[in-house]
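Index from 1, following the sequence.
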Amino acid sequence: MSSFDRIEKAILLRAPIERVWRAITDVSEFGQWFGVELNEPFAPGRAVTGSFKGEFNEEHIAKYQASMGLEPAPIRQPEPNAVFCTVEEMDAPRLFSFRWIPYGLDAECDPAREPTTLVEFRLEAVAGDTRLTVTESGFENVPAHRRKRAFLMNDGGWSAQIENIKRHVEHA
């Protein structure tokens, strides 16, 4: 995966497709498993603002970056009520997608100029359960000086988030 362009994570969730759809498209539920408080409901074309719950631990993030072979880089705490994402598509209950700035807490990221990546949640009913595939693509447009860091940090982030959504829909 030397191009650092596309992340894809898939998981089988023991929950009906309608339950998973609600968990990813209802902003209150999304916020519970993702760790954000969003201000507007998701709707195609809408820029959704919000705030991350808690603060990011720069020392922990630096150690994580070093464990991946990255030179640790400073972070910037996200501004409260900043744009979290812009919704692209909502095709119930199969596809939810949005654009956002990948690894936007990187201090080298300029939110005013940073290109976005596309995040897609694809759902497929499988014998009463749901296969969820999360794909993030478009890293080739991220400035070269931060592309690998953004890719690897988001790759690890999506690994954690699919486990968060699993806990949320299977045990909530």
Side-chain angles (χ1 to χ4, degrees), residues 6-7 9 19-65 70 72-93 95-123 132 134-143 145-169 171-172:
R6 180 184 184 88
I7 296 167
K9 306 288 181 185
R19 173 70 190 103
V20 178
W21 178 256
R22 190 172 72 245
I24 64 171
T25 61
D26 175 277
V27 293
S28 176
E29 283 205 43
F30 184 95
Q32 290 173 35
W33 62 266
F34 199 90
V36 292
E37 293 178 17
L38 300 174
N39 301 324
E40 301 86 18
F42 292 128
R46 178 175 286 156
V48 178
T49 61
S51 303
F52 282 91
K53 296 177 186 174
E55 293 209 1
F56 291 92
N57 182 319
E58 189 163 1
E59 182 180 337
H60 174 76
I61 291 171
K63 285 179 183 177
Y64 182 69
Q65 289 176 354
L70 295 170
I75 63 167
R76 170 183 355 146
Q77 296 293 331
E79 293 292 321
N81 301 310
V83 172
F84 173 76
C85 70
T86 301
V87 177
E88 288 281 310
E89 190 172 349
M90 295 179 78
D91 182 13
L95 172 66
F96 172 55
S97 64
F98 59 75
R99 293 193 160 278
W100 71 350
I101 296 173
Y103 191 49
L105 38 125
D106 189 333
E108 293 181 15
C109 172
D110 179 358
R113 293 189 166 88
E114 193 77 13
T116 59
T117 52
L118 178 65
V119 175
E120 298 174 301
F121 296 84
R122 293 190 180 274
L123 288 73
L132 171 64
V134 179
T135 306
E136 184 173 4
S137 60
F139 287 89
E140 78 274 4
N141 297 320
V142 175
H145 70 279
R146 58 179 236 94
R147 182 176 306 135
K148 183 177 179 182
R149 184 168 54 242
F151 180 91
L152 292 175
M153 293 301 290
N154 280 24
D155 185 57
W158 285 119
S159 292
Q161 292 296 6
I162 64 168
E163 291 302 321
N164 289 345
I165 194 169
K166 178 181 177 69
R167 280 189 298 278
H168 182 80
V169 300
H171 304 293

Minimal non-hydrogen separation, Ala43 against Val87, with atom names: O-CB, 3.2 Å
Donor-acceptor pair, side chain of Arg149 and main chain of Leu70, under 3.5 angstrom: no
Straight-line distance of Trp33 CH2 to Glu163 CD, nearest 0.5 Å: 12.0 Å
Pro102 and Pro115, any side-chain heavy atoms less than 4.5 Å apart: no
Pairs where residues 73-83 contributes a residue and the test side-chain hydrogen bond (donor to acceptor under 3.5 Å, both in side chains) is met, not counting sequence neighbours: Asn39-Asn81
Contact check, side chains of Pro41 and Arg46, non-hydrogen atoms, under 4.5 Å: yes
Pair listing, side-chain hydrogen bond (donor to acceptor under 3.5 Å, both in side chains) test, anchored in residues 51-61, at least two apart: Glu59-Lys63
Trp158 side chain near Val119 side chain, heavy-atom distance below 4.5 Å: yes
From Trp21 atom CH2 to Leu132 atom CG, the distance as rounded to the nearest 0.5 Å: 11.0 Å
Between CD1 on residue Ile24 and OG on residue Ser97, distance to nearest 0.5 Å: 10.0 Å
CG-OH distance between Asp155 and Tyr103, expressed to the nearest 0.5 angstrom: 14.0 Å
Approximate separation, where rounding is to 0.5 Å, of Thr116 OG1 and Glu88 CD: 7.5 Å
Side-chain donor/acceptor of Glu40 to backbone N/O of Thr49, under 3.5 Å: yes
Heavy-atom side-chain contact between Trp100 and Asn154 under 4.5 Å: yes
For Val142 against Ala150, the heavy-atom pair lying closest together: CG1-CB, 4.4 Å
Side chain Glu114, main chain Gly104, donor-acceptor under 3.5 Å: no
Mutual orientation of the aromatic rings belonging to Phe56 and Phe52 [parallel < 30°, tilted 30-60°, perpendicular > 60°]: perpendicular
Shortest non-hydrogen contact from Ala73 toward Gln65: N-OE1, 2.7 Å
Closest heavy-atom pair and its distance - Ala23, Ile165: CB-CD1, 4.3 Å
Pairwise side-chain contact, Ile61 with Met153, heavy-atom cut-off 4.5 Å (strictly under): yes
Distance in Å, His168 NE2 paired with Phe34 CZ, rounded so as to fall on 0.5 Å steps: 13.5 Å
Sole candidate of Phe96, Phe121, Phe84 that passes ring-ring contact (aromatic ring centres under 6.0 Å, His included) when paired with Phe42: Phe96
Close side-chain approach of Met90 to Thr25, heavy-atom, < 4.5 Å: yes
Shortest non-hydrogen contact between Glu136 and Thr117, atoms and distance: OE2-OG1, 2.5 Å
Arg6 side chain to Ser137 backbone, donor-acceptor under 3.5 Å: no
